[in-house]
Structure formats: C-alpha cells, structure tokens
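Input: a single structure, listed below in structure tokens.
Sequence positions, counted from 1, serve as the residue numbers for this chain. Please read these numbers as outputs of a predicted model, since none were measured by experiment. First listed ligand is number 1; within each ligand, the first listed atom is number 1.
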Amino acid sequence: LKRNTRDKMQFIYNIKNSESQYTVEQIQEAIDAFKNSVRFDFIKTLDDKSLISSTLEIYEQFKDRTNFVQVGIGGSSLGPEMLIKAIKRTDKNFYFLNNIDTDHTVETLKSFDIKDSIFYVVSKSGGTAETMAQMAIITNTLLEKGVKESELSKYFVFCTDPVESSLKDLAQELGIKYLTVPSNVGGRFSVLTPVGLLPALFAGIDIELMNSSASQFANKFIDSDELIKLTQTVLDLHHSGVNETVLMPYSSKLRELSFWFVQLWAESLGKKKGSDRVGLTPIPSYGATDQHSQMQLFMEGPRNKLLFMVHVENCQHELKLTNSFNHSKLKKLNNFSLKNLMDAEFFGTLKALDEQEIPYIHLGIESVSEKSLSELILLFEILTAITGLTLKIDPFDQPGVEAGKIYSFEWLDKSL
Ligand code: PA5
C-alpha cells in the first residue's frame, strides 16, 4: 500500500483571482481583536490539563459500561457525534439523544440495557428544554426498572457551565458527578472540551494527542498567511455573490464533520447587521456518495457555491477489486483497489469543477486520525471566528434562536 507521509494539511485553491474587497489589514485587525478577547479561550483551553484529568477521572469510574448515551442538542451533541463516527476504536455502543422525537426516544431506550449504561447529559446553559425533557424520560425509565432515586448518580454524569447553571445545582443536590465547559467557550466551539472528551475516551480516542495536535495547529494557523488568504477568499467570493459553502469530505467516516460544520457556519455567520442581513449558507455533503445526488447542482446549478473538497490520502485497509467477471466495467476495475477508485472520483470531480469554473479549495489530510480531525476542527472554528469578525458581526452569539424558544414556552403555557 503506497502511503503518503506528509504531516501537514495541504491547501490547494482553485479560485479566479479578482481584486480583493477585504484588505490584509482588515483581516489582521479581526485576528488581533480575536486573540485579545475571551473568545480565544476555545484555543487556550486546549492546553488546560485539568480539563483532561477531570474527564479521565470520570472515565475511570464508569469505563466498564457497555453503552454510552450522549444527551444534548446542537453543540452538545454534533461534535461528539463527529468524533465517534470518525475514530471509534472500541466495541462500546454509542447512542445520541439529540432530539425530542417521542417514538425515536422510546425505541432507542428499549434497544439496549439501560442499567449497563452511562447517560452523559450535556448542556452548557444547563436549562435547554429538549435536553431536560430527555433527562426526565431517562430518569423515569430508570425508576421503572427498579433503580432508586438515591442511585441515580450511578447512571448520570452531567456537563455544564462551571459558574451559572441550574444543571450544576441539580448535580450537587443529587450527588451526580459533573464536568465543566469553560464559561467563554460556546456550544458549537466546545467539542474539544469535556463535552466531546468523555465520549472520545469511551471510543478509545487518544484525547491528549487530539488536543495537543489541535493546539499546535491553532497556534500556528492563527498567525499564518494561510488564514488571511483563506478568509480573504471566502469573503471576496461572498462579496461577489458566492454565498453558499459546501463541505464535501471524500470519506464516510467524515460525514458527520459536515453536519458539525453546518451548525458552526450557520449559527455563527447568519446575523443581522444593522438593517442588513448577512450569512453564508452551509451545505453538508460527502463523497463519493453525493456525486450521485447534489453534484449535479454544484456543477450546473447557480454559480453561487464555494466547495471545500477534503481528500483523505491514506486509509487503514486495502480492498482489491480483483475479479474475473465478463463485464466491461468490472474488467476495468480489476487492477485497482477501492481506494484507487475513491481517489479517481475525487480528482476526476476536481477536474470537472475546474472546467465549469466552480470555485473550490482542496484540503488534503494524511488520514482520518486524532491529529488530522482536530486540525480540521480548529481550521473551521478559527475561519468561522475570523470571517465573522471581519464582517463585523458577532460569530459567538445566536439571538435569532431565542424568539422561537420563548414562543414555544408560550405555546406550552397556553395549551395547559
Ligand atoms: O452553539 C450553541 O451555543 C448552541 O447551538 C448550543 O450548542 C445549543 O443550543 C445547546 O445549548 P446547551 O448546551 O446550552 O444545552
């Protein structure tokens, strides 16, 4: 198996240069403001050893459980789902209660032994209705199975803000162990805090390697010309009407990276700016599967998309396509491996995108690993922050989701 051993992420731009609307100075100003703000904490805390050791301590107490159930929504679930799908190495079972669908919840809770499980209830704010509702249901199910109220601490671990959180107060009241999400790290930037680190340990992921790789990458990237070039590219294209961003890793294991990216990009960059509205619409995709679906739109639909095309250079296994069938396509495949076919589809698609003059950025990673995944995470988190700050919006808040929450409770009260 021919392996590429390059250890740095590769960036190849296929963008027609036009005069830039955003100066290097404007972007540098946003970077400097970011580095001096409390929002830089999602990078700083990567080096916080106490977060790793408190997570390891909890893991040691519960590591014999067969089932790990993440209970959370948005940033409290999408990051962990991405990590587990990409790098799970143990035979533990993972479940994600990330919605309030009644039938799905009932069927999920029936599908495994809940007494051989740990329920990890994650809510940064400590009061998200969907997550609290799931917790009530899990508690009732445990009580129905004969667990006493005084024994709930054997099944639950919480994760929440260390300062202000009614979930923290509840943990203290019930004697339930809890981990913390640093106060200045928002939900969608929290995957490499205990939010994602505890499930990662159950999956056999090397969390120290993951966070140290992320930190090394982030601290170089934040001062790099690459960050300026990338931000300028995204913003200039946006200015010229390219307002949709596709993330398309050619890997099934990275499929959830696209869904994690959707929340990060949409919730951070879709904002009101005075009387204007700005935003870049994220589109989740993965290859080669979506070549038989969305690719038609990307190639021939409106020219308003920038594609991040992620190529994974090496896989762990080799699958040969050797065969002796009397079939023209199968004969053609005979001398190749499945990975050769994936590469051919990736580079073939890039060539076709070139011909159609669709802007794309080819991101090359060596393999799906702690190092490369954490680098992709930090790449997109930092790019999101700097893009938002250069646009002069706040990429860390989400006022647009508040009204819906208030009206939902109003609706509940009226239906009493
Ligand atoms: O990014 C965010 O802050 C949000 O999407 C949250 O992750 C989501 O609303 C869940 O919030 P919480 O973790 O407070 O329950």
Side chain to side chain donor-acceptor pair (under 3.5 Å) partners of Thr231, counting only residues at least two apart: none
Residues lining ligand 1 [heavy-atom distance under 4.0 Å, listed by chain and residue number]: Ile73, Gly74, Gly75, Ser76, Ser123, Lys124, Ser125, Thr128, Gly187, Arg188, Gln263, Glu267, Gln398
Criterion side-chain contact (heavy atoms from CB on, under 4.5 Å) against Glu370, the qualifying member of Ile207, Leu83, Leu209, Asn211: Leu209
Ion pair Lys339/Glu318, N-O distance below 4.0 Å: no
Results of side chain to side chain donor-acceptor pair (under 3.5 Å) for Ser215 - residues two or more places apart only: Asp47, Asn219
Pro182 and its side-chain contact (heavy atoms from CB on, under 4.5 Å) partner, picked from Leu51, Asp41, Val163: Leu51
Residues forming a side chain to side chain contact (heavy atoms under 4.5 Å, CB included) with Asp276, sequence neighbours excluded: Lys273
